[in-house]
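Reviewing the structure listed below.
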Amino acid sequence: MTPQELAGHIKAALLGAISSGQLNLATEDVPTEIVVERPKNLDHGDWATNVAMQVGKKAGLNPRAAAEILQPLLAALPGVEAVEIAGPGFINLRLDAASQGELARDIIAKGKEFGRGTQLAGKKINVEFISANPTGPLHLGHTRWAAVGDAIARVLEAEGAESAREFYINDLGVQMDKFGNSVKAAALGEPIPEDGYHGAYIPELAKQVVAENPGISDLPEPQRGEAFRDAAYALQLADQKRVLDNFNTHFDVWYSEKSLHTSGAVDRGFEKLKSQGHMFVEEGATWLRTSDFDDDKDRVLIKADGALTYFASDTAYYVDKRNRGYDLCIYLLGADHHGYVNRLRAVAACAGDNPDENIQILIGQMVKMLKNGEEVRLSKRAGNIITLEDLVDEVGVDAARYSLIRYPVDSPLVLDLDLLVSSTNDNPVYYVQYAHARIASVVRNAAELGLIPANTSDWDPATFDPSQLTDDREGALLGLLADYPRVVASAAELREPHRIARYIEEVATSYHSFYAACRVLPQGDEPVTELNIARLWLCAATRQVIFNGLELLGVSAPDRM
RNA sequence: GCCCGCGUAGCUCAGUGGAUAGAGCGUCUGCCUCCGGAGCAGAAGGUCGAAGGUUCGAUUCCUUUCGCGGGCACCA
């Protein structure tokens with residue numbers, strides 16, 4: 001029995017108590033969602049609910065009295081072994097082994113589908129992240145979002161949303177010209193302009209541009225400058241794509257800022273804003289009255305000299321996303337962009353949307369790398385910025401992704417490289433992957449011994465007797481596995497994939513504990529028992545949950561390490 | 001000055017109003033004749049920055065305050 005099913009039963013019991021007159025409560029005072037949780041302390045039971053405390057007051061009873069009315073009704077439920085009232089009015093439920101163990105069968109039947117939900121079914125969500133200038137390698141700040149943004153999209157999809165990962169290419173403006181001029185200068189052997197780009201990748205890029213474009217240095221200006229800029233841009237963007245692909249983050253849409261202007265999207269955006277009545281002209285400039293909606297000042301769209309601001313692109317881009325059919329636009333921005341939150345929300349409001357529904361902006365704090373106890377500041381590739389590739393070179397893709405996703409994004413993150421390459425308990429990614437590999441090994445051995453087919457999809461449900469799983473550690477593990485769908489749902493709702501990571505770490509811990517105490521395979525020439533088989537089902541179910549969880553993080557689940 | 005985030009064990013950090021506040025590291029004590037010891041079992045370690053408030057109940061929500069980090073543009 002899953003906690004969701006249990007919650008349904010409890011609600012039915014509650015409604016039953018009302019209709020039979022045992023409980024004097026209006027049906028609209030029945031909570032729509034009954035909270036069923038794993039108690040922190042498992043001595044309290046397998047599951048706990050606080051409904052009695054929620055409805056007690058409304059029913060004119062103290063919480064314990066309300067709990068006492070519900071107690072016999074819950075005790076009569078199939079699969080419920082014991083019901084206790086504790087503390088201020090918690091109702092603690094204990095399931096019998098068979099009912100609790102059924103879950104393993106359910107998990108194996110569902111496979112990769114286990115844990116997926118429908119909370120966001122039918123929603124089209126645009127998740128925009130990284131959006132770096134194509135003028136250099138991706139740095140550590142981008143890297144955090146490369147991992148977390150992708151994981152958020154995966155988690156949203158697990159709850160039924162149709163999500164698109166989108167990369168906004170800032171390919172317009174003076175930065176591009178500075179970049180082009182820097183590459184050109186490097187190619188021509190001239191000093192790179194003071195305000196240009198000085199990373200070590202610039203001369204390399206220059207070499208490549210010249211090699212691929214014979215005669216480019218001999219073009220007349222301004223064609224030469226443009227040719228350098230465009231060629232370097234193409235190479236740099238391709239490099240960003242390559243790096244991200246290698247990082248297991250695959251964008252669905254690469255959206256060019258320049259194309260906003262050439263496609264007429266900017267004009268359409270302005271029309272939209274004008275039609276909503278929030279644009280005005282003052283001192284020769286055209287403004288958007290964002291201060292109508294919580295922004296601290298109005299923003300310029302068209303400068304007095306007729307040039308468009310960057311903010312104009314932002315507004316057009318938002319309107320364009322909505323025109324492309326996204327119900328919700330999520331922006332994942334660095335801490336240095338936090339001043340954008342209110343103005344972007346105001347843009348949504350100015351476009352006639354609901355900022356609480358159609359737009360969401362998440363701010364990620366800074367990332368630092370530590371090596372030998374000191375902050376790493378120098379990159380081989382890019383001089384004084386650390387790149388995504390530097391991190392991957394040091395620790396590999398799995399450890400990099402996992403450790404970036406493992407923490408909530410709103411606190412600054414310090415990655416200790418020495419720890420991330422260590423193969424022990426203190427390195428969470430290996431701890432989790434190890435549990436997965438260990439289970440795979442047990443199942444492999446079982447198949448070799450002829451206990452069970454190698455592939456779980458060939459396992460015969462009739463051979464599984466869940467009532468065999470009576471050990472406390474088996475119960476603890478099963479209860480934890482049952483919680484997985486709820487963890488995925490809350491990770492999706494809160495856009496916090498780190499919850500998945502923390503959860504599968506708990507699963508790994510619980511599994512190791514079970515494994516140490518409960519022998520799975522028969523020893524020596526012992527006969528095969530139903531208990532052996534039941535434990536194999538539990539092992540396979542655990543492996544599936546770890547696998548599914550790692551997949552939502554974009555981290556591999558190896559069968560051998 | 002104004003805005004945002006963060007203050008939880010010696011360290012790095014979890015904890016979307018619930019029971020005795022958790023994990024890893026570090027320190028200390030145990031466990032390899034058999035399924036992967038990259039593991040397990042246990043001990044010690046806390047005025048949840050501070051003060052008020054809301055609540056049956058606050059680390060969690062609100063106010064004030066102290067400390068730390070980040071941000072303010074007719075830049076991109």
Atom pairs, N/O to N/O, protein against nucleotides 11-15 of chain B, distance under 3.5 Å?
{"residue": "B/C13", "atom": "O2'", "partner": "A/Arg502", "partner atom": "NH2", "Å": "3.1"}
{"residue": "B/A14", "atom": "OP1", "partner": "A/Ser411", "partner atom": "OG", "Å": "3.3"}
{"residue": "B/G15", "atom": "OP1", "partner": "A/His498", "partner atom": "NE2", "Å": "2.7"}

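- Aromatic pair A/Phe514/A/Tyr511: centroids less than 6.0 angstrom apart.
- Residue-level contact check: A/Ala517 touches neither bases nor backbone, having no heavy atom under 4.0 Å from any strand.
- Proximity of A/Arg444 to the phosphate of B/C35: no side-chain N or O atom is located under 4.0 Å from OP1 or OP2.
- An aromatic stacking contact links A/Phe90 with the base of B/A19, defined here by ring centres under 5.5 Å apart and ring planes under 30° from parallel.
- Remark: B/U55 base-pairs with no nucleotide; criterion is Watson-Crick or G-U wobble with both hydrogen-bond distances under 3.5 Å.
- Remark: aromatic rings of A/Phe129 and A/Tyr331 are distant, center separation not under 6.0 Å.
- In this entry B/C2 has B/G71 as its Watson-Crick or G-U wobble partner, both defining distances falling under 3.5 Å.
- Taking the 5.5 Å centre cut-off and the 30° plane limit, the aromatic side chain of A/Tyr515 is classed as stacked on B/C35.
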Tabulate below the donor-acceptor pairs under 3.5 Å that side-chain atoms of residues 526-535 of chain A make, not counting sequence neighbours, or state none.
{"residue": "A/Glu526", "atom": "OE1", "partner": "A/Gln523", "partner atom": "N", "Å": "3.2"}
{"residue": "A/Thr529", "atom": "OG1", "partner": "A/Leu531", "partner atom": "N", "Å": "3.3"}
{"residue": "A/Thr529", "atom": "OG1", "partner": "A/Asn532", "partner atom": "N", "Å": "3.2"}
{"residue": "A/Thr529", "atom": "OG1", "partner": "A/Asn532", "partner atom": "OD1", "Å": "3.1"}
{"residue": "A/Glu530", "atom": "OE1", "partner": "A/Gln468", "partner atom": "NE2", "Å": "3.3"}
{"residue": "A/Asn532", "atom": "OD1", "partner": "A/Thr529", "partner atom": "N", "Å": "2.9"}
{"residue": "A/Asn532", "atom": "ND2", "partner": "A/Val520", "partner atom": "O", "Å": "2.8"}
{"residue": "A/Arg535", "atom": "NE", "partner": "A/Glu474", "partner atom": "OE2", "Å": "2.5"}
{"residue": "A/Arg535", "atom": "NH1", "partner": "A/Arg519", "partner atom": "O", "Å": "2.8"}
{"residue": "A/Arg535", "atom": "NH2", "partner": "A/Glu474", "partner atom": "OE2", "Å": "3.1"}

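- Donor-acceptor pairing under 3.5 Å, judged by distance alone, is present between the side chain of A/Asn92 and the base of B/A19.
- Of all nucleotides listed (B/C74, B/G71, B/G39), B/G39 comes nearest to the side chain of A/His512.
- No engagement by A/Ala307 is indicated, since no non-hydrogen atom pair under 4.0 Å with the nucleic acid exists.
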